[in-house]
Amino acid sequence: MAADPLDPTKFLVLERSFVVGVGTKIRIYESDTSDATNILDAPLGSARPVTKRLLVDLADLGLDPIDNIEGMTWGPPLPTGERTLVLVSDDNFADQQITQVVALAVR
């Protein structure tokens, strides 16, 4: 399972961008801090960075449109052993935006 909510070194990262005329791009990564250097007292140039792994690019899911996703939370486990990840956007009271709830199954 990606980014176990009980693992203190793994996090889900929601990366989003918007370009006028192109639209919104949403990607979700798993970041892992377990091998990263705590740079508080590390000498310059010796830091190991946090790693990240792409879990999903919403453009690959065929969802159209994808709006300004700005929230995510774990949902309940599925009978298949996967976990639900729930994403949400709101319309910001704007005619050109929509409110969305997207549920994904995560292994």
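Basis for what follows: all heavy atoms, side chains included, without hydrogens, waters or symmetry-related copies.
- A distance of 12.5 Å separates CD1 of Ile39 from CZ of Arg48, quoted to the nearest 0.5 Å.
- Residues meeting the side chain to side chain donor-acceptor pair (under 3.5 Å) test with Ser46, sequence neighbours left out: none.
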Contacts under 3.5 angstrom, residues 60-71 side chains, donor-acceptor by atom type, not counting sequence neighbours:
{"unit_1": "Asp67", "atom_1": "OD2", "unit_2": "Ile98", "atom_2": "N", "d": "2.8"}
{"unit_1": "Asn68", "atom_1": "OD1", "unit_2": "Arg16", "atom_2": "NH1", "d": "2.4"}
{"unit_1": "Asn68", "atom_1": "ND2", "unit_2": "Glu70", "atom_2": "OE1", "d": "3.4"}

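- Considering every non-hydrogen atom in both Ala105 and Leu78, the closest pair reads CB-CD1, 3.6 Å.
- Linking ILVMFWY residues whenever their side-chain heavy atoms come closer than 4.5 Å, directly or via other members, places Val56 and Val106 in the same cluster.
- Note that CZ of Arg53 and OH of Tyr29 are 12.0 Å apart. Values are rounded to the nearest 0.5 Å.
- The backbone N or O of Thr9 sits less than 3.5 Å from a side-chain atom of Thr33, completing a donor-acceptor pair.
- Of all heavy-atom pairs spanning Arg83 and Gly75, the tightest one is NE-O, 2.9 Å.
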Test log, rule side-chain contact (heavy atoms from CB on, under 4.5 Å), inputs Leu104 and Leu87
CA-CA 8 Å; Leu104 305 173; Leu87 312 174; 3.9 Å; yes
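- Atoms CD and CG, on Gln100 and Asp90 in that order, are 10.5 Å from each other to the nearest 0.5 Å.
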Between Leu12 and Met72, is the side-chain contact (heavy atoms from CB on, under 4.5 Å) condition met? List the steps.
CA-CA 9 Å; Leu12 291 181; Met72 70 179 164; 3.5 Å; yes
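- Hydrophobic clustering, with ILVMFWY side chains joined whenever heavy atoms are under 4.5 angstrom apart, groups Val88 together with Val86.
- For the pair Thr84/Trp74, no side-chain contact is recorded, criterion being any heavy-atom separation below 4.5 Å from C-beta on.
- Counting only distance, with no hydrogens or angles, the side chain of Arg27 and the backbone of Leu58 share no donor-acceptor pair below 3.5 Å.
- The closest donor-acceptor contact from the side chain of Asn92 to the backbone of Ala94 lies at 3.5 Å or more, if one exists at all.
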